[in-house]
Protein chains: 2
Amino acid sequence: MRKLSELEGAALGIIARAQPVTPYQVRKIFAQSPNPHWSASAGSIYPLIKRLEEAHFVSAEEHATGERFGQKYALTKTGRKRLRHWILGGDHVKLVGLPDLVRIRVAMMLVLSADEQRQFLTAMEQKLLEALAITRADVTLKAAEKDRDPLSLLISRGALLQTEARLVWIREVQAVMLGPRRPD
Amino acid sequence: MRKLSELEGAALGIIARAQPVTPYQVRKIFAQSPNPHWSASAGSIYPLIKRLEEAHFVSAEEHATGERFGQKYALTKTGRKRLRHWILGGDHVKLVGLPDLVRIRVAMMLVLSADEQRQFLTAMEQKLLEALAITRADVTLKAAEKDRDPLSLLISRGALLQTEARLVWIREVQAVMLGPRRPD
DNA sequence: GGACACATGTAATACGTTACATGATTTT
DNA sequence: AAAATCATGTAACGTATTACATGTGTCC
């Protein structure tokens, strides 16, 4: 296998933490993550895990629940090695540059009418507020069990700090673009 | 054309601002953007613009410089409409959730040895500092011409706020994961 | 006039998405 | 028993990436 894609690396990391897992569980973990940016559909996960298995990064183990049979996958040693290499060996310049779908739309906001601009910015502020609430809840949840899992708390904290920054920013945009003073 | 991809929308936005432009110029603008997250290679841009043209979102105009002939593209009315719709009509939940390639790697940091963890976090902090410097320079640059183009300044400000937040966070991670006090 | 960047593509490849299909388990 | 959800896939499709190919303008 040439090079792990972002989704493959993420999946491998999930398997590493939750092993042994079924593909379906991996899918669930993707879906349940706060702010999911992958669809993590069946069409992506099952072939992906099959690829990982063919590359001997994960190994399957039969598991049966009643009549159903399925595979539970666990990380192999080479898989672990490969995961370490994936984390450390990425192009660091690409890692720090992140695509903000909101920002890119704000950047081309001038094609919108004044009303549309206001509408868009308000909607974005609203969604960021919702995301903020979700992330805050997640942080307090993770904080409760931080002794067992300090890293999960940190990850949630990261999402929180970013969402806060984006909210501050979108309001800055509102202030400048919609006029500094706007009495309703 | 079914639905604009993220790259297509971005390209259309660039064309909207800089029209009339050649595909090569679009490519340059992508590449020169601070923190580029798309390769914006020839293999993506040329077919992309051809698609946009076939969908009548952009129209070509012959332009000649010496012996060379090429196309300069400009937004059509339907293209402008489509761009507006693309900005406003995206799935707002997906827009606010952004994939942070650093955070996802930090999340699976436990497969690393203590030394590797330190190495990785230090490298990330370093790269974020570099990104911060670049973004700061960009902000001051855009601030100088903010009267002509207030939006560009805001976009740079957005990148700055995010980078700052990520830097604060990575240091939080360092403090927790590498021990609260670490005398060298 | 040779080297190098400019400018425009094409080909092979791979990956993720949506949509579809199917059987098992649980719920009502 | 019907309906809904769980769980595991497959097929078609589109799009971005890397690598390659080719000719033009400019620099020394």
Side-chain angles (χ1 to χ4, degrees), chain A residues 1-12 18 20-32 36-55 58 60-73 86 90-91 93-94 97 99 101 104, chain B residues 1-12 20-32 36-55 57-58 60-73 86 90-91 93-94 97 99 101 104:
Chain A
M1 178 172 283
R2 298 214 163 273
K3 192 181 159 185
L4 290 178
S5 78
E6 201 60 25
L7 184 58
E8 286 165 342
L12 206 54
V21 279
T22 65
Y24 188 77
Q25 286 175 310
V26 173
R27 215 150 90 73
K28 280 291 155 189
I29 293 173
F30 269 116
Q32 285 167 5
H37 43 278
W38 281 298
S39 86
S41 55
S44 56
I45 294 300
Y46 286 94
L48 184 152
I49 292 190
K50 205 172 285 180
R51 286 200 298 272
L52 293 180
E53 189 185 10
E54 279 162 13
V58 298
E61 167 200 349
E62 279 288 335
H63 90 113
T65 59
E67 292 287 312
R68 302 278 311 248
F69 288 88
Q71 319 288 354
K72 283 202 169 211
Y73 292 89
W86 180 75
D91 180 352
V93 177
K94 277 189 181 170
L101 305 193
I104 211 168
Chain B
M1 178 170 285
R2 299 216 163 272
K3 191 182 162 187
L4 291 178
S5 77
E6 200 60 24
L7 183 59
E8 285 165 343
L12 205 55
V21 279
T22 66
Y24 188 77
Q25 286 174 309
V26 174
R27 216 151 89 73
K28 281 290 154 189
I29 293 173
F30 269 117
Q32 284 166 6
H37 42 279
W38 282 297
S39 86
S41 54
S44 56
I45 295 299
Y46 287 94
L48 185 153
I49 293 189
K50 204 172 285 180
R51 286 198 301 270
L52 293 179
E53 189 184 12
E54 280 163 12
F57 297 154
V58 297
E61 168 199 350
E62 280 286 335
H63 91 113
T65 58
E67 292 288 312
R68 302 279 310 245
F69 288 89
Q71 320 287 356
K72 283 203 171 212
Y73 291 90
W86 180 75
D91 178 353
V93 178
K94 276 189 181 172
L101 305 193
I104 211 168

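Numbers restart at 1 for each chain; the letters A, B, ... are given by sequence-line order, proteins then strands.
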Do you know which two heavy atoms are closest between [X] and [Y], and how far apart they sit?
{"X": "A:Ala10", "Y": "A:Trp38", "result": "CB-CZ3, 4.0 Å"}
{"X": "A:Phe30", "Y": "A:Ala40", "result": "CB-CB, 3.4 Å"}
{"X": "B:Ala60", "Y": "B:Glu53", "result": "CB-OE2, 3.4 Å"}

Rounded to whole angstroms, how far apart are [atom1] on [X] and [atom2] on [N]?
{"X": "A:Glu53", "N": "D:dT8", "atom1": "CD", "atom2": "C1'", "value": "14 Å"}
{"X": "B:Ile49", "N": "C:dT10", "atom1": "CD1", "atom2": "C1'", "value": "16 Å"}
{"X": "B:Ile45", "N": "D:dT15", "atom1": "CD1", "atom2": "C1'", "value": "12 Å"}
{"X": "A:Lys50", "N": "C:dC15", "atom1": "NZ", "atom2": "P", "value": "15 Å"}
{"X": "A:Arg27", "N": "C:dT18", "atom1": "CZ", "atom2": "P", "value": "12 Å"}
{"X": "B:Lys3", "N": "C:dA19", "atom1": "NZ", "atom2": "P", "value": "10 Å"}
{"X": "B:Leu4", "N": "D:dT15", "atom1": "CG", "atom2": "C1'", "value": "13 Å"}
{"X": "A:Tyr24", "N": "C:dT25", "atom1": "OH", "atom2": "P", "value": "14 Å"}

Does [X] put a side-chain nitrogen or oxygen below 4.0 Å from OP1 or OP2 of [N]?
{"X": "B:Ser39", "N": "D:dT18", "result": "yes"}
{"X": "A:Ser5", "N": "C:dC15", "result": "no"}
{"X": "B:Ser44", "N": "D:dT17", "result": "yes"}

Exercise. Evaluate the side-chain proximity of B:Phe57 to B:Met1: yes if any heavy-atom separation is below 4.5 Å, no if none is.
Key: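 Yes, at least one pair of side-chain atoms sits under 4.5 Å.
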
Quiz item: Taking side chain as C-beta onward, heavy atoms only, is B:Gln71 less than 4.5 Å from B:Ile49?
Solution: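 Counting from C-beta outward, B:Gln71 and B:Ile49 never come under 4.5 Å.
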
Quiz item: Of B:Lys94 and A:Arg2, whose nearest nucleotide on DNA chain C comes first from the 5' end?
Solution: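 Per heavy-atom nearest nucleotide, the more 5' residue is A:Arg2.
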
Exercise. Identify, between A:Glu6 and B:Pro47, the residue whose nearest nucleotide on DNA chain C lies closer to the 5' end.
Key: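 Looking at the nearest nucleotide for each, B:Pro47 comes out on the 5' side.
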
Exercise. Measure from the side-chain heavy atoms of B:Ala42 and tell me the nearest of D:dT15, C:dT8, D:dT17.
Key: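 For B:Ala42, the side-chain atoms sit closest to C:dT8.
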
Self-check item: Among C:dG16, D:dT17, D:dG9, the nucleotide that comes nearest once only the side chain of A:Tyr46 is considered
Solution: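 For the A:Tyr46 side chain, the nearest candidate turns out to be D:dG9.
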
Exercise. Return the 5'-most residue of the pair A:Gly43, B:Met1 with respect to DNA chain D, ranking by each residue's nearest nucleotide.
Key: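 Closest to the 5' end, via its nearest nucleotide, is A:Gly43.
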
